[in-house]
Amino acid sequence: MKVVDRVKDDLRTDVTWNRVGTVTAKSARALPLGTKHYLLDKVPIVGWLPRYNLKWIINDLIAGLTLGLLLIPQSLSYAKIATIPVEYGLQSSWLPATLYTFMGSTKDLSTGPTSLIGLMTANAVSSLTPHGYTPQAIASAVAMCMGIMGMAIGFLNLGFLLEFISEPILAGFISAVALTIGLGQVSALLGEEKVTASHAAGQIRQILRQLPQANGYACAVGFTGLLFLVLLEQGGKRLGDKKTVLGRTVWFFSITRAFMCLLLFTGVSYAVNKDRGKHTLFDLVKLTYSGINAPEVPSATLVGKAFPLAIPAFIGGILEHVAIARAFGVKNNYVSDQTQEVTYFGVINFVNSFFHSMGVGGAMSRTSVNSMCKVKSPLSGLVTTAVILVCIFKLSGALYWIPKATLSAIIITAVAPLVRSPKEFYGFWKTSLADFISSMLAFWVCFFTTTYEGLAAAVGFNILYILLRQVFKPITQVGSTDQQKLSELQQSMMSASGLPATLPEDVRIFRFHESFFFPNAYRLKTAILETIQTHHAPAYSTLHGEEAERNWSVHGERRVARLRKKAGIIDPSALPPISIVVLDFTKVNHMDATAISHLHSLLKELRLYAGPDVEVRFVGVSKTIRERFERARFTLHDDPWLTADQDDTWTENVPRAYRNLSVAVQAPRRRSSVVLMEKDGEKVEHVEEV
């Protein structure tokens, strides 16, 4: 019966059980309405379509048509990066725009194959192809894994987890990936054999070794394509803003430059190669399909093998997707829903994987074009889908003649803007050494090994840095001698808090700057004890008497002697005792069982060193920390001069909580004591009695 009574009492009084009950009750009451709002949030079109202005239809038609023309060459190029047959790039492009019409939370974002996801997919393809799987099957499995991860995070509203990847890591990672992609296209640009090396140094060596076998015709097509693309891009920057016919024409050719390049050089290729059979002047894409493949579920075994390889693709793709959505929301004065974008990212990759598609996500270049076209709503995605479907069913024969060198030129110009400038990395250096190191780890490890190892190294370093920062964040301590060393600003701030101009010699304040929990609990406890042992004399006891009277190790005393020497203390016999220790918990918002255990240990060791009458006073204890003390049965009484029961508790030497530092330092002491205080430059005795 005692056990049953104990359980009943815990269920009635325990804070954790009460909190579980409260949350459960609130959730049950909010479930019907919350479910309705949740479902509506997952289909944003329900909210904006009834308010759609028919005047916007022209802008959406132009934007959708322009994006469709841009997406055709990019999808083929990014499929080439992923080392899958290029037709599967088009297969991956028709559904994302339509689904985004229903699930998107921005008007500008354009989704489809991207260079970043393409490279991540290529790494998975190279790892799993030796197991007998086709490249397109591996790409579909990677897309499904990305979809599963995205849906798990999106449907559970865990989008905040993405904030654990810092901006410096993302900058280094994307820059390395962009350079790797560009380097991988050089061989096709020169008409050389495909580079097989998996790291940058090997790729450069192979390219240089094959340089004598470069195809002059491929070089002419590739470098002319590069020049064509760069000229149109620069022309758009210089003349695109002008409100003239020439300016509008240049602007249109600039934003559709990839499609124009593809159209021009495909025509040239057809003209010079149509009568040559298999002996073409340069390598062609040779796309020979028409239509969309029937849906097929990726192999469960393959999905299991691809899952760990899909993690970098998911991280890189979703961070890029969310960052673009957020950036254009700020630019065009609306708010994107990060969690909804993650949900869409997961759903589209999961569904798309049934059509032998590679992973997809938001693309900066296409989103920029969409914004420049003054798009008004996600409805433009339906037009983009229509353009892609026309290409798949009616124009696939013409895609046979696309030069591989032209696709390489399009890829190189597309990824070049992704490389961050040295100035940005130097900015990380000036801001924080840790940020700079994490960005460099992500960049160099990704560039010379693999993207998985690069991300793991950078994220691992950040996690280690956060833990070490928690552990080694110094604790601030102030005593009577330290006050004299404070700057004028610090002294004025101390004075504003109500502290006396001179602290009593037997009082020391310790201010915490982080939460107090298992990573730093032992170190902070040790720091407090060592500071007290350095600046204050012990009370006589068998533990802290003359060394000659002991028969145990004196390692602790030797350490204290070194600390005193470092602090410039010449005569330890002149040190004052310690009577009051003030612990400022103003910045402590979390404690755990380990920290409370070390608090008990601190009290015990303080009394052994300073005597049983030493007082420990707390300041700034929040309601949450107070509850944690109560649940752990750590005794903490309030300032007795503010309570009606002061006569009952005043004689007990227990830790007490005070309103502020001033009260904690100047409140009457529990016992009579004689304290040396400084007055008019001289030390005088100050007697306190209860």
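Computed over heavy atoms, backbone and side chain alike; hydrogens, waters and symmetry mates excluded.
- The heavy-atom pair separating A539 from G611 by the smallest distance is CB-N, 3.8 Å.
- A donor-acceptor pair under 3.5 Å links the side-chain atoms of R523 to the main chain of K473, judged by distance alone.
- No side-chain heavy atom of I580 sits less than 4.5 Å from a side-chain heavy atom of V665.
- Considering CE of M146 and CD1 of I318, their distance stands at 8.0 Å, rounded to 0.5 Å.
- With S336 contributing its side chain and G329 its backbone, the two residues share no donor-acceptor pair below 3.5 Å.
- A perpendicular orientation is assigned to the rings of F428 and F425, their planes being inclined by more than 60° (bins at 30° and 60°).
- Between F155 and V347, some side-chain heavy-atom pair lies under the 4.5 Å cut-off.
- Using a distance-only test at 3.5 Å, with no hydrogens or angles considered, no donor-acceptor pair links the side chain of S597 to the main chain of A593.
- With a 4.5 Å cut-off on side-chain heavy atoms, L603 and L599 do not count as touching.
- A donor-acceptor contact closer than 3.5 angstrom links the side chains of Q666 and S662.
- Using a 4.5 Å cut-off on side-chain heavy atoms (C-beta onward), P576 and H536 make contact.
- Counting heavy atoms from C-beta outward, L583 and F516 have side chains that stay 4.5 Å or more apart.
- Listed for the Y609 side chain is no donor-acceptor partner under 3.5 Å among the backbone atoms of I578.
- Checking side-chain atoms of T343 against main-chain N and O of T339 turns up a donor-acceptor pair under 3.5 Å.
- Around the OH atom of Y334, the shell of radius 6.0 Å holds more than 12 heavy atoms that belong to other residues, nucleotides or ligands.
- The backbone N or O of F518 sits less than 3.5 Å from a side-chain atom of D592, completing a donor-acceptor pair.
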Evaluation steps, salt bridge (charged side-chain N to carboxylate O under 4.0 Å, His left out), between R469 and E514: CA-CA 9 Å; R469 185 178 181 278; E514 295 282 356; 2.8 Å; yes
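- Checked against F510 for a side-chain contact (heavy atoms from CB on, under 4.5 Å), the options L524, V478, I532 give a single hit: I532.
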Could you go through the side-chain contact (heavy atoms from CB on, under 4.5 Å) check for K525 and L529 one step at a time? CA-CA 6 Å; K525 182 206 77 169; L529 286 173; 4.2 Å; yes
H321 and L109: side-chain contact (heavy atoms from CB on, under 4.5 Å), yes or no, with the steps? CA-CA 8 Å; H321 181 102; L109 191 66; 3.3 Å; yes
Please lay out, stage by stage, how R656 and E615 fare under the test salt bridge (charged side-chain N to carboxylate O under 4.0 Å, His left out). CA-CA 8 Å; R656 299 183 183 277; E615 294 184 44; 5.8 Å; no
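- Atom CZ of F634 sits in a crowded spot, with more than 12 heavy atoms from other residues, nucleotides or ligands closer than 6.0 Å.
- Taking CZ of R559 as the reference point, atom CZ of R564 lies at 13.0 Å (rounded to 0.5 Å).
- For D584 and T586, the side-chain atoms include at least one donor-acceptor pair closer than 3.5 Å.
- The environment of CH2 in W429 is sparse: at most 12 heavy-atom neighbours from other residues, nucleotides or ligands sit within 6.0 Å.
- Side-chain contact of D337 with Y344: a donor-acceptor pair under 3.5 Å is absent, judged by distance alone.
- Considering CD1 of I570 and NZ of K565, their distance stands at 11.5 Å, rounded to 0.5 Å.
- Pairing each heavy atom of L455 with each of C446, the nearest pair is N-SG, 4.1 Å.
- When atom types are taken as modelled, the side chain of E341 and the backbone of S105 share a donor-acceptor pair closer than 3.5 angstrom.
- In this structure, the side chains of V621 and F629 come closer than 4.5 Å at one or more pairs of heavy atoms.
- When every heavy atom of A567 is checked against every heavy atom of T534, the shortest pair comes out as CB-CG2, 4.1 Å.
- With values rounded to the nearest 0.5 angstrom, F173 atom CZ is found 9.0 Å from E320 atom CD.
- The two residues L116 and G316 make their nearest non-hydrogen contact at CD2-O, 3.3 Å.
- With hydrogens and angles disregarded, no donor-acceptor distance shorter than 3.5 Å links the side chain of Q470 to the backbone of N520.
- Contact between R617 and A664 at its shortest, heavy atoms only, is NH1-O, 2.6 Å.
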Can you list the steps and then say if K587 with F512 is a side-chain contact (heavy atoms from CB on, under 4.5 Å)? CA-CA 6 Å; K587 295 184 179 180; F512 292 71; 5.7 Å; no
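- Remark: side-chain polar atoms of D506 are not paired, donor with acceptor, to backbone N or O of P577 under 3.5 angstrom.
- Of all heavy-atom pairs spanning I169 and S438, the tightest one is CG1-CB, 3.8 Å.
- Without hydrogens or angle criteria, Q340 side chain to K42 main chain gives a donor-acceptor distance under 3.5 Å.
- T106 places none of its side-chain heavy atoms less than 4.5 Å from the side chain of F328.
- The OG atom of S175 sits 9.0 Å away from atom CG of L170, with the distance rounded to the nearest 0.5 Å.
- The closest side-chain heavy-atom distance from I348 to M103 is not below 4.5 Å.
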Could you give me the CA-CA distance, side-chain angles and deciding distance for I509 and V619, then say whether side-chain contact (heavy atoms from CB on, under 4.5 Å) is met? CA-CA 10 Å; I509 300 170; V619 172; over 6 Å; no
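- Taken to the nearest 0.5 Å, the NE2 atom of H535 stands 11.5 Å off from the CD atom of Q533.
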